[in-house]
Amino acid sequence: MEDALLLHRLQFAFTITFHYLFPQLTMGLGLIIVIMKGIALKTGNELFQNGARFWAEIFAVNFAVGVITGIPMEFQFGTNWARFSTFAGGVIGQTLAMEGVFAFFLESSFLGLFLFGEKRIGPKLHFFAAFMVFLGSWLSGYFIIATNAWMQHPVAYEVGPNGSVSLSSYWGLLLNPWIGWQYIHNMIGAVVTASFVVTAVGAYYLLAHRDEDYGKIFVRVGVIAGCFASILVAFPTGDGQVKNIVVKQPVTFAAMEGLFETAEGAPLVLIGQPDMEKRRLDNPLHLPKMLSFLTYQHWEARVKGLDAFPSDQWPTNIPLLYYSYHVMVGLGTIFIALMLAGTYLLMKGRLFTHRPLLWVLMLAFPFPYIANTAGWWTAELGRQPWLVYGLMRTIDGTSTMVSAGNTLFTLLGFIGLYFVIGLVFILLLIKTIHQGPAKTATAH
Amino acid sequence: MEILWYCVIAFMLAMYVILDGFDLGAGVLHLFVAKNEEERRTVLDAIGPFWDGNEVWGLAAGGTLYFAFPLLYASSFSGFYLPLMIVLWLLMLRGLGIELRHHVDHPLWKAFWDASFSIGSILLTVFFGAALGNVVRGVPLNSEGYFFEPLWTSFAIQPETGILDWFTALMGLVGITTLTVHGANYLAMKTEGSVQRRSRRVASVMVWGVLLVSIATLVAASSIRPEIWNNYADHPWGYFFPLAGLLGLTGMVLCNIRKQDILAFFSSATFIGGMLASTAFGLFPYVLPASTDPKYGLTVYNTAASEYGLGVGIVWWTIGIVIALGYFTYLFYSFRGKVRLHTEGY
């Protein structure tokens with residue numbers, strides 16, 4: 001049973017972590033393409049038009065991989081988590097089905113027009129198609145966050161006679177108070193990823209002295225978008241989400257912060273490794289009283305530590321949760337510094353020739369992926385040991401009929417297949433970037 | 001309300017099979033009707049703007065099934081664990097084939113993705129047919145409504161069934177033959193020249209295969225699950241569905257002879273819709289019959305979500321599907337007519 005649980009969890013974790021590498025770029029890049037096409041439409045600037053075409057090429061591959069790696073997610077609710085689906089399907093099935101009916105149809109129909117229809121439908125309708133693809137992907141994100149929000153903070157349900165839950169309020173589910181900050185935080189996180197990717201490609205062209213006109217456009221758009229997004233993802237959205245957790249999942253908050261003991265004037269830990277045997281942090285580096293202040297805007301406020309909760313309520317993997325959270329926050333802080341420096345030099349007109357910073361910007365693009373992943377790990381590890389917070393434990397949600405051996409078989413299959421998909425994706429990305437926007441434009 | 005949702009899901013699944021069916025069928029035929037680079041691009045262009053949206057019908061049907069009949073979703077997805085995972089992998093390989101093929105201009109790259117697109121499509125049509133076969137035959141449900149099937153046991157029909165036995169394999173043949181003709185009709189409608197000629201020829205031969213395996217399946221299903229005729233005896237208006245299927249099949253033969261490609265395509269769509277509706281009509285109220293003990297069978301009544309959830313669902317579902325049909329009309333209208341290379345696309 002324990003074995004099977006671990007394998008079900010590993011398979012879900014692996015497939016969703018891999019999957020989410022793609023939608024985060026889709027959602028952010030969708031916005032950036034709309035912006036580029038909007039500028040092109042307004043000013044008639046061919047460079048922006050071609051630049052948008054170049055990114056549409058990358059968007060197409062990225063979107064395709066996102067779609068095909070997304071299908072297993074919906075499937076796995078049924079295949080690996082059958083008891084959870086029987087229990088909660090009447091509620092979260094609503095949001096998942098709405099994603100299909102409202103978002104997927106929208107995205108897929110307009111994606112066809114966006115990718116194949118530029119000459120058939122003209123520039124204005126083509127801009128509209130790009131906008132609808134962007135809208136579809138953000139709508140899809142909303143339904144997924146609403147689903148996750150219900151698992152984090154179940155609302156609008158009632159328990160039926162057979163023990164499973166059913167929906168009691170449609171708008172209650174769609175307007176779950178958990179959704180607000182998490183949704184905006186997540187979407188802006190996606191914009192951070194896309195702006196870093198766009199900037200990195202632009203920086204590469206400038207450093208390599210090729211396609212420099214496009215390089216400048218990409219760096220400019222990327223750095224400006226990245227500056228806004230990096231700040232907004234931390235404040236107010238990240239801050240708002242943390243405060244949400246403080247109120248609704250206080251034990252999760254204590255574990256994220258590595259706070260073992262309840263304290264007045266609690267310190268904010270920057271570095272330190274949780275030692276679960278001794279229940280303390282090794283070699284902690286912290287800012288005194290800062291956690292109390294950030295959480296309650298009061299230096300002496302009392303913050304509940306893990307000791308305030310029975311240990312069977314604690315998240316099951318506190319060290320990993322703690323690291324995920326700290327990696328996300330640490331990287332987020334670096335993003336702000338980097339993008340502020342970029343914006344400053346851009347305004348001074350020196351960014352395009354500032355090779356050291358261009359080098360850093362070119363190499364920085366993997367880190368938003370790590371930060372977004374770490375953020376989701378924080379959310380999901382923080383919910384443990386619950387599958388639906390306070391209602392169903394993860395161990396009670398698996399498919400009892402699927403043996404550990406069969407799950408291992410499919411997990412290995414996914415690892416092999418995704419390895420190949422990842423290689424092919426990187427190969428195509430390098431090829432497209434190497435070919436460059438000028439050539440992509442003439443190929444059209 | 002449960003009956004309404006049963007119809008909704010049957011409708012969505014039928015839409016999925018009809019729409020994704022034509023691009024799956026095109027995939028089955030890809031290596032056989034398109035011989036050179038230009039012809040292969042023509043086939044891919046014919047389905048390029050549509051296949052993703054078509055597949056969404058399947059996803060949306062799955063999502064709808066999830067919230068309307070949670071226990072059915074949980075039971076069938078965990079019970080069909082292995083074939084579903086294989087279907088997922090095939091869908092991935094096939095989707096990648098369509099989307100990635102044109103990104104690198106190298107004959108080996110193209111040959112590889114052509115093969116992955118085609119082999120993926122072939123296996124998927126067989127699996128989908130076999131899946132329907134499993135539903136008709138019944139699965140070894142336990143008292144909690146769960147089951148698990150290995151890929152095969154002994155190919156005989158017995159209480160401890162596998163996914164594949166002689167009956168479901170026969171249904172797999174129904175799947176591949178029907179969708180091949182459907183895909184051929186689609187390609188004949190959307191292309192010109194040699195691809196069109198070959199597609200028509202495939203359709204003209206394969207349609208007899210459809211007839212043959214359909215009759216065999218009908219006989220077999222009547223002996224395995226004679227109850228499917230009860231609903232027809234009680235409500236004779238249900239004969240409308242098999243008659244529609246028969247009409248579609250006749251149309252497939254006649255239109256093919258007369259080279260009326262568009263009508264032929266709608267005939268095969270009618271045949272698929274009619275046969276699926278006939279099956280759904282015969283199975284009702286069962287959604288997953290038990291091969292073990294009939295009383296364990298899952299019905300629309302013992303798997304449905306709450307009255308409230310189904311009630312609000314029908315409101316947003318109707319709105320959403322009307323909008324989606326609007327998109328589809330616009331999309332198919334925008335890409336109407338024959339595929340022309342060199343002007344646009346891949």
Side-chain angles (χ1 to χ4, degrees), chain A residues 60-61 64-65 67-69 71-72 74-75 77-80 82-86 88-94 96-102 104-106 108-113 115-121 160 164 166-168 170 399-403 406 410 413 417 421 424 428 431-432, chain B residues 45 48-50 52-53 55-56 59-71 73-82 84-85 88-89 91-93 95-96 99-100 103-104 142 145-148 305-306 308-309 312-313 316-317 320-321 323-324 327-328 330-331 334-335 343-345:
Chain A
V61 178
V65 180
V67 168
I68 59 167
T69 56
I71 307 173
E74 189 180 305
F75 272 50
F77 283 121
T79 52
N80 296 73
R83 283 183 297 162
F84 163 66
S85 290
T86 305
V91 178
I92 63 163
Q94 290 264 350
L96 289 173
M98 275 187 272
E99 186 195 23
V101 170
F102 287 107
F104 288 164
F105 278 125
L106 179 85
S108 58
S109 311
F110 283 96
L111 187 76
L113 284 169
L115 296 179
F116 303 106
E118 188 168 355
K119 290 198 184 103
R120 278 189 187 229
I121 61 180
S164 60
S166 57
L167 186 69
S168 67
Y170 177 73
S399 300
T400 41
M401 304 297 284
V402 179
S403 67
N406 276 316
T410 56
L417 188 60
I421 293 177
V424 170
L428 283 177
K431 189 221 125 208
T432 310
Chain B
D45 256 18
F50 308 117
D52 186 23
E55 215 164 279
V56 170
L59 283 182
T64 309
L65 182 69
Y66 191 15
F67 96 83
F69 302 104
L71 176 60
Y73 185 84
S75 168
S76 57
F77 274 53
S78 61
F80 295 135
Y81 187 83
L82 292 169
L84 276 176
M85 290 293 168
L88 277 176
W89 298 338
L91 282 174
M92 287 183 188
L93 283 173
L96 287 177
E99 288 299 314
L100 302 187
H103 280 274
V104 178
N142 66 19
Y146 293 120
F147 70 100
F148 184 86
S306 73
Y308 173 80
V312 292
W316 64 250
W317 186 86
I321 229 61
I323 300 174
Y327 300 147
F328 265 73
Y330 181 54
L331 181 71
S334 297
F335 291 95
T343 53
E344 182 118 41

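Residue numbers start from 1 in every chain, and the chains themselves are labelled A, B, ... in the order their sequence lines are given, proteins ahead of strands.
No other option in B:Leu93, B:Leu91, B:Leu96, B:Ile323 has as many heavy-atom pairs under 4.5 Å with chain A as B:Leu96. In terms of non-hydrogen atom pairs under 4.5 Å with chain B, the most contact-rich of A:Ser168, A:Gly90, A:Ala88 is A:Ser168. The most heavy-atom pairs under 4.5 Å with chain B, out of A:Ala64, A:Ala82, A:Gly112, come from A:Ala82. Residue with the most contacts toward chain A among B:Leu65, B:Thr64, B:Leu59: B:Leu59 (heavy-atom pairs, distance under 4.5 Å). Among A:Thr79, A:Val65, A:Thr86, the residue making the largest number of heavy-atom pairs under 4.5 Å with chain B is A:Thr79. Ranked by heavy-atom pairs under 4.5 Å with chain A, the list B:Phe69, B:Tyr73, B:Phe77, B:Trp317 is led by B:Phe77. Interface summary for chain A: among B:Leu82, B:Leu331, B:Leu88, the most heavy-atom pairs under 4.5 angstrom belong to B:Leu88. In terms of heavy-atom pairs under 4.5 angstrom with chain B, the leader among A:Leu96, A:Thr432, A:Thr410 is A:Thr410. The candidate from A:Ile121, A:Val61, A:Val101 with the greatest count of non-hydrogen atom pairs under 4.5 Å with chain B is A:Val101. Chain B forms the most heavy-atom pairs under 4.5 Å with one residue out of A:Gly100, A:Ser403, A:Ser85, and that residue is A:Ser85.
Remark: B:Phe148 pairs with no residue by the ring-ring contact (aromatic ring centres under 6.0 Å, His included) rule, at least two apart or across chains. The ring-ring contact (aromatic ring centres under 6.0 Å, His included) search around A:Phe104 returns none, not counting sequence neighbours.
With contacts defined as side-chain heavy-atom distances shorter than 4.5 Å, the pair B:Glu99/A:Ile68 does not qualify. Looking only at side-chain heavy atoms (C-beta outward), A:Gln94 and B:Trp316 come within less than 4.5 Å of each other. Contact annotation: the side chain of A:Asn80 approaches that of B:Tyr81 to within less than 4.5 Å [non-hydrogen atoms, C-beta and beyond]. A:Pro72 has its side chain within reach of B:Met92: a pair of non-hydrogen atoms, C-beta onward, lies under 4.5 Å apart. A 4.5 Å side-chain heavy-atom check between B:Phe67 and A:Leu167 finds every atom pair outside the cut-off.
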Notebook entry, point to check: Does the pair B:His103 and A:Val424 meet the rule for a side-chain contact (heavy atoms from CB on, under 4.5 Å), with working shown?
Noted result: CA-CA 11 Å; B:His103 280 274; A:Val424 170; over 6 Å; no
Checklist line | Derivation and outcome, side-chain hydrogen bond (donor to acceptor under 3.5 Å, both in side chains), residues B:Tyr330 and A:Ser109 | finding: CA-CA 9 Å; B:Tyr330 181 54; A:Ser109 311; over 6 Å; no
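Interface residue A:Leu111: only side-chain heavy atoms are found under 4.5 Å from chain B. Both the backbone and the side chain of A:Leu113 come within less than 4.5 Å of a heavy atom of chain B. Neither the backbone nor the side chain of A:Ser164 comes within contact range of chain B, judged by heavy atoms closer than 4.5 Å. In this structure, the portions of A:Ile71 lying under 4.5 Å from any heavy atom of chain B include both its backbone and its side chain. In this structure, chain A has heavy atoms under 4.5 Å from both the backbone and the side chain of B:Ala74. In this structure, chain B has a heavy atom under 4.5 Å from the side chain of A:Val67, while its backbone stays farther away.
The OH atom of B:Tyr146 sits 7.5 Å away from atom OG of A:Ser399, with the distance rounded to the nearest 0.5 Å. To the nearest 0.5 Å, atoms CG (B:Leu100) and CD1 (A:Ile421) are separated by 9.0 Å. Here the OH atom belonging to B:Tyr66 is positioned 3.5 Å from the CD1 atom belonging to A:Ile92, to the nearest 0.5 angstrom.
Residue B:Ala60 comes nearest to A:Phe105 through the heavy atom pair CB-CE1, 4.0 Å, listed as atom of the first residue, atom of the second, then distance.
Looking only at atom types and distance, the side chain of A:Ser166 has no donor-acceptor partner in the side chain of B:Tyr308 under 3.5 Å away.
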